[in-house]
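Throughout, protein chains are lettered first and strands after them, A, B, ... in sequence-line order, and every chain is numbered starting at 1.
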Amino acid sequence: MRHEIQAPEGATVGDMRQLLDARELSSVELTEAYLERITALDERVRSFVTVTRDIALEHAADADRRMASGETGPLLGVPMALKDLLSTAGIATTCGSRILQGYHPPYDATVYARLRDAGAVLLGKLNMDEFAMGSSTENSALAITANPWDLATVPGGSSGGSAAAVAAGEAAFTLGSDTGGSVRQPASLCGVVGLKPTYGRVSRFGLIAFASSLDQIGPLTRTVEDSALVLSVIAGQDPLDSTSATVEVPDYHALLGEDLRGLRVGVPAEYFVEGTEPGVEAAVREGIAQLERLGAELVDVSLPSTGYALSTYYIIAPAEVSSNLSRYDGVKYGYRSADGADLIETYLSTRDQGFGAEVKRRIMVGTYALSSGYYDAYYLKAQKVRTLIKAEFDAAFERCDVIASPTSPSVAFKIGSRTADPLAMYLSDVFTIPASMAGIPAISVPCGFSDGLPVGMQLIGRAFDEATILRAAHAYERSTEWHMRRPELVWSAGG
Amino acid sequence: MELTLEDVRHIATLARIGLTTQEMETMRGQLGDILAHVSQLNELDTEAIPPTAQVLALQDVLAADEPRPSYSVDAMLANAPEREGNYFRTKAVLGYET
């Protein structure tokens with residue numbers, strides 16, 4: 001069910017591979033097409049905070065030379081872009097924050113180094129909620145990114161630029177990071193595929209830290225097949241990240257299939273509760289029915305602590321934030337306030353002026369939760385509940401192979417509609433946080449539309465079993481047409 | 001959960017964020033709401049449950065004790081807001097209790 005390729009920038013990574021290998025198109029031509037499209041569209045979508053035009057063309061020329069000498073590989077010559085918290089040596093890396101203005105990392109993130117070894121072309125860096133804290137990308141200090149499906153709505157977050165860029169055809173694929181849903185939720189809201197791998201599957205070296213026990217880098221792509229191709233390149237142990245796992249990396253692409261007979265899909269009652277938009281629930285239920293039609297067996301499972309995961313997250317993540325973000329002191333890099341008569345006053349004003357409201361809020365919550373007298377009541381308590389959440393997933397996975405749920409309780413919401421109420425914004429991640437707390441992999445795949453906006457279905461898997469959720473998502477995708485829809489507005493304007 | 005302005009001032013000092021009084025007032029309400037929400041965890045009996053700091057079974061991970069190239073002083077100082085020779089330059093820190 002391959003769609004017709006009208007413009008190279010509308011194609012999948014697999015389509016581009018064919019065009020490049022057949023010499024119908026060079027990587028330089030493909031890269032120029034993307035750069036043109038970014039110029040035409042990004043004034044309105046605002047996915048990019050930096051476009052690395054010269055570097056992209058150098059990378060592309062290099063890829064063309066590599067192909068001319070007989071080399072091939074799934075990502076060789078394919079243009080991509082990175083969330084702006086992935087370190088790129090000599091290229092501005094802002095984390096969407098004023099406090100990192102002017103910062104140029106001295107080294108590359110391991111994922112970027114691996115993508116470069118594979119010959120991928122860097123188009124630029126993508127907008128995000130400041131330090132990845134948010135669910136709408138409205139917390140960026142640099143720009144407000146729009147959802148290509150409706151420019152008055154948010155793309156989700158925190159990897160909103162990464163999701164919007166793929167949806168708008170501004171990059172073949174992108175990388176984001178997911179701490180509590182920051183790849184999956186924007187993928188859902190923008191109608192693209194977003195994968196959060198198992199904690200430890202992908203090296204975090206060079207990923208600017210938010211919550212170190214939860215952060216994980218993942219791909220945003222047009223298709224599940226593309227997700228598998230990118231994961232195979234970025235996954236694997238890295239001596240520079242002591243939490244990267246030594247578990248062997250399979251060829252995820254080779255393990256994709258279209259037959260789901262024998263697969264047991266768990267449906268947890270706790271993910272189908274009041275608070276989810278009816279159109280979202282209907283689309284996801286229909287998606288689950290489709291998995292059954294493909295041969296999967298549906299099993300009722302129970303994850304009783306689901307309702308506590310959000311609270312657990314909003315203690316543990318801020319606690320890690322308060323520690324990780326203590327490094328921004330205006331001394332070593334980034335912004336320094338000119339106010340303040342001495343060093344302490346410089347810290348106080350640098351951090352007040354350099355951080356946005358949400359980052360300050362989380363530093364404050366985390367500092368409180370870790371402060372003398374409150375540690376047991378908040379941080380230790382949350383870590384114990386985390387044990388419960390993980391144990392419940394372990395028990396559920398004795399009865400099923402994959403757990404299916406909505407990715408987000410809502411479709412894309414209007415820009416500005418949730419910024420006044422931090423708690424309402426936090427609820428955007430209610431279905432993605434539990435898998436983050438348990439460290440297990442999960443993917444969001446387009447499963448329909450509600451009010452004209454995309455809906456995502458989340459498939460959660462066992463630790464280090466990305467292969468099974470990719471296989472289920474791929475089989476589902478091949479039997480539906482949701483992933484082939486394009487946002488009209490953007491597509492016709494750029495096209 | 002009610003926080004006083006003094007509580008907020010104390011946390012802000014620990015976090016080294018120089019909030020204005022107006023920001024502290026806003027933060028007082030918002031932190032109170034968030035802390036009230038997360039206090040729902042008290043509904044769970046976790047007396048016998050061990051804590052999970054991270055989900056991998058990893059304990060100590062040892063690296064080979066071999067020299068390898070490092071970054072130059074210039075590369076490490078390149079992003080400094082202010083530099084003096086091979087040092088980060090800051091304002092003085094005097095007269096504070098540690």
Q. Taking NZ, NE, NH1 and NH2 as the nitrogens, is one of them in Glu23(B) or Lys360(A) under 4.0 Å from a carboxylate oxygen of the other?
A. yes
Q: Side chain from CB out, backbone as N, CA, C, O: work out which of these in Ala309(A) comes under 4.5 Å of a heavy atom of chain B, or both, or neither.
A: neither
Q: Can you check whether anything in residues 2-11 of chain B gets within less than 4.5 Å of chain A, heavy-atom wise, and list it by number?
A: Leu3(B), Val8(B), Ile11(B)
Q) Would you find a donor on one side and an acceptor on the other, under 3.5 Å apart, between the side chain of Arg16(B) and the backbone of Leu348(A)? A) no
Q: Under 4.5 Å heavy-atom distance to chain B, tell me which part of Thr312(A) shows up: side chain, backbone, both or neither.
A: both
(Q) Can you list everything that forms a side-chain hydrogen bond (donor to acceptor under 3.5 Å, both in side chains) with Ser87(A)? Sequence neighbours excluded, please. (A) none
Q. Can you name the nearest heavy-atom pair linking Tyr199(A) to Gln54(B), along with the distance?
A. CE2-OE1, 4.4 Å
Q: Report the option among Pro105(A), Ala341(A), Ser242(A), Gly366(A) that has the most heavy-atom pairs separated by less than 4.5 Å from atoms of chain B.
A: Ser242(A)
Q.
Please classify the contact between Pro239(A) and chain B as side chain, backbone, both or neither, with a heavy-atom cut-off of under 4.5 Å.
A. neither
Q: Enter the distance from Thr246(A):OG1 to Leu56(B):CG here, rounded to the nearest 0.5 Å.
A: 9.5 Å
Q | Backbone N/O of Ala15(B) and side chain of Thr367(A): donor-acceptor pair under 3.5 Å | A | no
Q. Heavy-atom distance under 4.5 Å to chain B: side chain of Ala369(A), backbone, both or neither?
A. neither
Q) Taking everything shown except Tyr71(B) itself, do over 12 heavy atoms lie less than 6.0 Å from its OH? A) yes
Q: Pick whichever of Met437(A), His104(A), Lys390(A), Gln353(A) has the most heavy-atom pairs under 4.5 Å with chain B.
A: His104(A)
Q. Which pairs count as ring pair (Phe, Tyr, Trp, His ring centres under 6.0 Å) when at least one residue sits in residues 357-390 of chain A, sequence neighbours excluded?
A. Tyr368(A)-Tyr374(A), Tyr368(A)-Tyr378(A), Tyr375(A)-Tyr379(A)
(Q) Measuring from atom CZ of Arg336(A) to atom CD of Glu82(B), what distance do you get when rounded to the nearest 0.5 angstrom? (A) 5.0 Å
Could you tabulate the donor-acceptor pairs under 3.5 Å formed by side-chain atoms of residues 30-49 of chain B, not counting sequence neighbours?
residue  : atom : partner   : partner atom : Å
Gln30(B) : OE1  : Arg361(A) : NH1          : 2.8
Ser39(B) : OG   : Leu35(B)  : O            : 2.7
Gln40(B) : OE1  : Ser311(A) : OG           : 2.9
Asn42(B) : ND2  : Ser39(B)  : O            : 3.2
Glu43(B) : OE1  : Tyr308(A) : OH           : 2.6
Asp45(B) : OD1  : Glu47(B)  : N            : 3.1
Thr46(B) : OG1  : Lys381(A) : NZ           : 3.0

Q: Rounded to the nearest 0.5 Å, what's the gap from CD1 on Ile363(A) to CG on Leu14(B)? Could you check?
A: 12.5 Å
**Q.** Atom group of Arg89(B) that falls short of 4.5 Å from chain A, counting heavy atoms
**A.** backbone
Q) At a heavy-atom separation under 4.5 Å, does Leu370(A) approach chain B through its side chain, its backbone, both, or neither? A) neither
Q) Which pair of heavy atoms, one from Pro81(B) and one from Gly330(A), lies closest together, and at what distance? A) CG-O, 3.4 Å
Q: Give, as side chain, backbone, both or neither, the part of Ala463(A) having an atom under 4.5 angstrom from any heavy atom of chain B.
A: neither
Q: Could you tell me which of Ala63(B), Pro50(B), Ala75(B) has the largest number of non-hydrogen atom pairs under 4.5 Å with chain A?
A: Pro50(B)
Q. Checking heavy atoms, do the side chain of Ser371(A), its backbone, both or neither come under 4.5 Å from chain B?
A. side chain
Q) Can you tell which of Ser337(A), Ala245(A), Ser349(A), Ala438(A) has the highest number of heavy-atom pairs within less than 4.5 Å of chain B? A) Ala438(A)
Q) Tell me, side chain or backbone of Leu310(A) under 4.5 Å from chain B's heavy atoms, or both, or neither? A) side chain
Q) Judged by atom type as modelled, is there a donor-acceptor pair below 3.5 Å linking the side chain of Arg386(A) to the main-chain atoms of Ala53(B)? A) yes
Q.
Which heavy atom of Lys91(B) sits nearest to which heavy atom of Thr346(A), and what is that distance?
A. CD-OG1, 3.7 Å
Q.
With a 4.5 angstrom heavy-atom cut-off, is it the side chain or the backbone of Val61(B) that approaches chain A, or both, or neither?
A. side chain
Q: Heavy-atom distances under 4.5 Å only: say whether Tyr313(A) touches chain B with side chain, backbone, both or neither.
A: neither
